[in-house]
Amino acid sequence: MTRKEELLQDVVIKFAGDSGDGMQLTGSQFMNNTALLGIDLATFPDFPAEIRAPQGTLPGVSGFQLRFSSDKVYTPGDECDVLVAMNAAALKTNLRSLKRGGRIIANTDGFDAKNLRLANYPDGVNPLDNDSLSGFEVIKIDVTKLTREALKEFTMGTKEKDRAKNMFILGFLYWMYNRDMINTISFLKEKFGKKDDILNSNIKALQAGYNFGDTTETFTTRYKVDKAKMEPGMYRSIMGNQALAYGLIAASEKSGLPLFLGSYPITPASDILHELSRYKNFGIRTFQAEDEIAGITAAIGASYGGSLAVTTTSGPGLALKAEAVGLAVMLEIPLIICNIQRGGPSTGLPTKTEQSDLLQAYYGRNGECPMPVISASTPSDCFDAVFEAVRISVQHMTPVLFLSDGYIANGAEPWRFPKSADLAEINVSFKKALDEGETKLRPYLRDEKLVRSWAIPGTPRLEHRIGGLEKEDITGNVSYDSENHEHMVKTREAKVEKIADYIPEQKLDSGPDSGDILVLGWGSTYGAIRSAVTELQDQGLSVSHAHLRYIRPFPKNLGNILRNFKQVLVPEINNGQLIKIIRDKYLVDAKGYNKIKGVPITKTELVSFLRNML
Amino acid sequence: MTQQPTLPALTPKDFQTDQEVRWCPGCGDYSILAQVQKIMPGLGIPRENIVIISGIGCSSRFPYYMETYGMHSIHGRATAIASGLKATRPELSVWIVTGDGDGLSIGGNHTIHLLRRNFDVNMMLFNNQIYGLTKGQYSPTSEENKVTKSTPFGSIDHPFNPLALAMGADATFIARSMDRDPKHLQESLLRSYKHRGASFLEIYQNCNIFNDGAFEIFTEKGSKPEETLFLEQGKPLIFGAAKDKGIKLDGFHPVVVQLGDSVSADDLWIHDENDFYKAQILVRIFDDPRKDQHLPRPFGVFYETDRPCYEDVMSAQIQEVISKKGKGDLDKLLRGNEVWTIQ
């Protein structure tokens, strides 16, 4: 039969199902397939904190949102065009994010009496059978039955067969969006290579889903999205934590310092530990410590010995590390502390995103304890931002706090990856010998950047002692002298502020240099701000966007930029943190747009807020 | 590393720093410092390859007085810092100085994990059964009912037996010595150093300000022979001023016996440092000396065994992965498996 082919510009699909339904895998397979076609995309995985919350329940729903477009994409989309609902709970929790008139692909087997009850639908009510979904287009497929049917010649049990349901759905979507399935078939071969039965059943279910679309006459339209106009070059898709791990490896290669990671597993940072532990052939030493404190203190030991030392964590872990961060500030040794933020306080919302650790990063230690703070704004930006964090850390002999969050850590986007040769060298050197006229090392003697030397154990004649007690200027001997203490406090502060001379000036991301509103953002709000601001600019409104990578110290020209606008808006996924620092430092009457719901700010809400400001 | 020039033989003085030692006069720490400085020249390690890491507490000032590399870190974390250093610089000789508060209370977690991982480091735990630096609160090794600033009606805490804790953490070297027996302390330090793996050396150390005489019964001439038992490899467990008492195993129970016509040295427990099961009993000989019928307190090397060191296994694993996969190629890594080109 003949099918219409419709060209679409921008599509948002949400894959939602029980956390055991394999929705993350389904979504990421569709994402890879999309990326390989040169279509731009962004993803937003959204999963429960429990590994397997009770099956079929509302808290057990796991989602994967994918937006793809022939235009440049900056966010995973505010609303979905298509919702794949593997059960009643998945429909219920995600329906409000579906566009009016959007399409629901429902697995009818997931809407039986039991699933409806678990999803808290009243007795006898099935949303697929009444008119509650009349504003949407509903495609009902009994995925379970069709999958079992397709796999009837396989000898495995029904439970095993049902595990291939997600492949059926994936195959169906591949048909609907006019795709080939080569990448998924080779993925399955790699994953299940030696388990013939599982491999073949998955491939069979995938093909069955595809053929179902092809042969069922009700589906009259297939869709296509063209390649996006992106900068020429070679691309791959990348997730934030993966980019961060690669950035660290690249920085290790480019600085010549061996990489050491001391870490304790914590959501959503653990993937960095997983990723780095895979690359031992780069000489990387990963140390899964007994706790957060041991993670960072082992890293301090490694840095003292001359390694590029890193610790990774999330909010609660950063709180535990605080005293050790202070030690690193006092020792003035390099250390990268990566905080992948999540909802807080306390255990908070482990799998949800938030930007609420900025003040902890900035101030959260005892004493006057300044250190640089660097943030990443998109998944691939984690690579560049952490590379820069390493440069600052080793060239300025200071711990650096790197901030990312759950949203960009688990989100993915296409990445025009760099060539190793194009990455800048990170120049760093250890002190090798005493200087002319020196009879012993003066560990706290500083250069013009106020930076002390890195003298590592094993270097003859540079034996010296350092520690957490206040240091005498230059000699590093223990000192309780009051004048010296004030001098050292001011010097440590000045050293961090001086880094502003060695970082680029702040640039506007878009918009004129002066005007009605400057939207000042940091971190993962980049995509939403960028999209909202561009939309308003297209309508001729005077709105500009600046996005901070360097939060401490700020770029030197930031104050001037702020003063060129009538109003400054600071959108944050917290209760107002950057805004406090901005107001404090620049005495600017900045306004906040704050959302603390565990999810990203959307373009739509930001556009309407900005409109009201104008 | 820079090539090491041939240096004249070092003396204990070469390990002294220009910093004034600031422990209280009469503190047991002075003796321990002196013994460490005495044995260091004989180890044949250049000073620059020695690192001493401490936490917080009186004992943790130690690195400032040693002309080596050193770090006076934060409370309880010396063990974890040493782990990271040793993991990345296996060739260094790493010494940890900690105390009963630092190593068994706030840092207790890191202590047990250091021991089970078996980094090749030397851990000296100065046990004075009191918090000295904070001016006299009870510690996790203080005896029950102890009256201190924070326990005016007596401590209700049950104390740790540090060696049994080390044994439980699968330490590969477990020993006890004391500040007042310089010769024994030097021997114990040397044994700790020679052991390849994490050495746990508990040193009884007198705090003459806040807990004076805590170990008097073991250290003073009058009581020492009857109250202590010095372990020697392959030798029977004999003690007493007249060397007339011994320890025998009655089933699993150590009992004191009088040597004489009916009992000879051959009947006694013969010390074997490498016997895992007997070591479990030996570390448990921890009687309160104030009680009747108590056993003498053993000193010396309780247990030693060989187990691969963490840093060696870590390095070997890296080498193994390199030989399997080839040395890491950054361009290949960044490229990944699936790429597409935009023209």
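For clarity, every value in this text was computed on a predicted model and none was experimentally measured. In the text below, chain A, chain B and the rest are named by the order of the sequence lines, each starting its count at 1.
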Between Tyr246(A) and Phe417(A) (judged by ring centroids, cut-off 6.0 Å), do the two rings come close enough to count as a pair? no
Under 4.5 Å heavy-atom distance to chain B, tell me which part of Lys229(A) shows up: side chain, backbone, both or neither. neither
Interface residue of largest heavy-atom contact number with chain B, from Gly305(A), Ala324(A), Gly306(A), under 4.5 Å: Gly305(A)
Any carboxylate oxygen within less than 4.0 angstrom of a Lys/Arg side-chain nitrogen, looking at Arg285(A) and Glu311(B)? no
Do any of residues 30-39 of chain B have a heavy atom less than 4.5 Å from a heavy atom of chain A, and if so, which, in residue order? none
If we define contacts as heavy-atom pairs under 4.5 Å, which of Leu334(B), Ile322(B), Thr341(B) has the most with chain A? Leu334(B)
At a 4.5 Å cut-off on heavy atoms, which part of Leu423(A) comes close to chain B: side chain, backbone, both, or neither? side chain
Do Thr286(A) and Lys280(A) meet the criterion of a side-chain donor-acceptor pair at a distance under 3.5 Å? yes
For residues Thr459(A) and Lys432(A), is any side-chain donor paired with an opposing acceptor at under 3.5 Å? no
I'd like to verify something: which residue of Ala455(A), Gly467(A), Ala228(A) has the highest number of heavy-atom pairs under 4.5 Å with chain B? Gly467(A)
What I want to check is whether the side chains of Thr312(A) and Ser263(A) have a donor and an acceptor closer together than 3.5 Å. yes
Which members of residues 250-262 of chain A, sorted by number, sit under 4.5 angstrom from chain B on a heavy-atom basis? Ala250(A), Glu253(A), Phe260(A)
Heavy-atom proximity to chain A below 4.5 Å, by part of Gln343(B): backbone
Atom group of Ala35(A) that falls short of 4.5 Å from chain B, counting heavy atoms: both
Does Pro12(B) reach the side chain of Pro41(B), with side-chain heavy atoms less than 4.5 Å apart? yes
Under 3.5 Å donor-acceptor, Ser479(A) side chain and Glu472(A) backbone: no
Taking atom types as modelled, find out whether Thr172(B) and Asn118(B) have a side-chain donor-acceptor pair closer than 3.5 angstrom. yes
Among Ser323(B), Ser54(B), Ser315(B), which residue has the highest count of heavy-atom pairs closer than 4.5 Å to chain A? Ser315(B)
